[in-house]
Amino acid sequence: MMTPPYQDRNLRLGAIRFIGQTDLLSIQQKTIVIAGTGTLGFPVLEHLTIHGAQLWLIDRGVVELHNLGTQGFATSQVGQPKVEARRERIRQLNPDCAVQGLYMDIEHLGLGALQQVDLILSCLDSFAARLTLHELAWRLGIPFVDAALDGSGKHLYGRVAVYDPRQPEAPCMLCSWDETTYSKALAVSGTTGCPTWVHLLDHPQEAPPTLAISSMAGVVGGLQTIQALRLLLGDSAVAGRELIIDVQHTLLHMTICQRTPRCRFDHRVWALHTLEPGTWQQPVQALFTRAEMDLGGAITLHPHRRTLATQLFCATCQTARPIARFAHTLQRADCHCTCGGLAQPVGFACLAAFDRRQASAFLNTTWHQLGLPANEVVTASTARGQERHYIITA
Amino acid sequence: MGLYDSICTAFLHHTLHDARVLADQSEVMTVMSLPDQPVPAKILCYFHHLTYLVQRANGLVDIVPSGEVVVGFFFPPDYLRSTDPTLFLKLITLLEPANFFHPNVRAPYLCPGARLYPAMPLPELLWHTFDILTYRNINLDERDALNPPACRYLRQYPEMLTRLHSPALRTAPLHVTHLDTPLGPGRE
């Protein structure tokens, strides 16, 4: 039932032919993820707040002084997590807008956590995070609108691209990537010299700062929001379109992308099976048993995007220590060796998949103890090629 | 990622085949995949007849005139499109000898430098590794090397480098299947 303030608020918005009163209601029932709430995320979340969509904000960042000039935070918000600061702003703009903030790294987000989402918007500044989010969206079959700003501080360029895994033969983000793009993405991630694993734990991947003015973000974010609304209103023609915005020369280019057989991504959308709540706290063995019942035969489990470290090795005293932990969750404290050195995971001893025999050392360990994020997906497969994707529910 | 998809599986089979072709042409290398794996994601490479330095338990550095070095390669499921800065740490593991003495090596870790890129074919990885094991590729800047004492040693005794270069026995051009060639079921 609409409250009078609601009707007053949306009187003019509902009269816009592009949206309409009925469509406005449908937009407001959708859940939209905005990953990255900085320079680009700011205008996007403001627009969607005005429309009253249900928002999930994901950002691992904290408001810093240097954010004030480009990202629209108040001085009093310095030190707050960005998602919290944005939630305050959203509540002021539209109290009817339901908003949830996830103060975390995209890498630590379980795939199943986004299962009920209708649309994912990427406003990120990092190649690696964008790639991760793209894969999450595609596996779940959720449309994905990616936007980027030229952050070099030299040009007024922007880009907005729409990917829709629900459409057969739709291109993905990686369809237009070549070897140079992949190398660049890896280089941007900071692989230079001989860093150690522990060094990288202490200094997590940081994208270079985005040197772009907020008005440029307003242009690109506005276009991203329009493309998102078109998708939500069922306009399938936007999928596979990439807009390049060159404000310096007042140019807007559109590229129609096509799926390429040379793409390194397999474009599969996964059908996920939600396990009963609490599976995250159950031992690995229970999932083997469940998968054996569902699929029959010998099972191999493949945790999504995670490699399991089974050994830590100290190069100082040349001793190995068994461990069973997903490598991304290791902290410096886990790596201290009794000799005073630092023990690190051994690549060749890492497991991307394991059967019962390989998992014998950690069969009775829970997924939580292994460091798997809650609601992450673990795929069970058999030698006959059958597979099932389970959400390890918290 | 997670699951080895059809594209990555096809890539691994192709690249293992290419590596075996390379090994067959060489007298210094044997390549094998670990058994009982659904995909050849773990590869063992034995480098024979290499001349290298080892550091003994008492700290003394010795030269091994003709020895064997065992290196393991682990390809994670996202190898073709990885942006993981720890990729090379996962990828290459020096298994034996544990006391191999080299600026880029701190067994079992081996740093191939910044030249690595996602989907690098195994034969290229083998050449990069060979270049390191034969001291053709060394980082003498100890601020950026895995094994600073080895940097200092080789700067102090540069003449040692001339004794360490094992012959590269490549007789034919390097043959690799790059991803420019479409891979995967029904694409060949």
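A, B, ... follow the sequence lines: proteins, then strands. Residue 1 opens every chain.
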Worksheet item: With a 4.0 Å cut-off, would you call A/R325 and A/D334 a salt bridge?
Response: yes

Practice prompt. Answer with yes or no whether the side chains of B/D18 and B/T15 bring together a donor and an acceptor at under 3.5 Å.
Written response: no

Discussion item. I'd like to know if A/E179 and A/R264 make a salt bridge, using a cut-off of under 4.0 Å between side-chain N and carboxylate O.
Written reply: yes

Worksheet item: Which answer fits A/L301, side chain, backbone, both or neither, if we ask what part of it has an atom under 4.5 Å from a heavy atom of chain B?
Response: neither

Item to complete: For the residue pair B/Y135 and B/F100, categorise the inter-ring angle as parallel (less than 30°), tilted (30 to 60°) or perpendicular (more than 60°).
Response: parallel

Worksheet entry | Presence of salt bridge, A/E135 and B/R81, under 4.0 angstrom | yes

Worksheet item: Which answer fits A/A309, side chain, backbone, both or neither, if we ask what part of it has an atom under 4.5 Å from a heavy atom of chain B?
Response: neither

Worksheet entry | Parallel, tilted or perpendicular, as decided by the 30° and 60° cut-offs, for the rings of A/H273 and A/Y390 | tilted

Fill in: Residues in residues 149-156 of chain B near chain A [non-hydrogen atoms, under 4.5 Å]
none

Worksheet item: Where does B/L95 contact chain A at under 4.5 Å (heavy atoms): side chain, backbone, both or neither?
Response: side chain

Worksheet item: Do the ring planes of B/F75 and B/F11 sit parallel (below 30°), tilted (30 to 60°) or perpendicular (above 60°)?
Response: perpendicular

Worksheet item: Would a distance-only check, ignoring hydrogens and angles, find a side-chain to backbone donor-acceptor pair under 3.5 Å from A/H267 to A/F265?
Response: yes

Response to the item:
Applying a strict 4.5 Å limit to non-hydrogen atoms, the region of B/F73 in contact with chain A is backbone

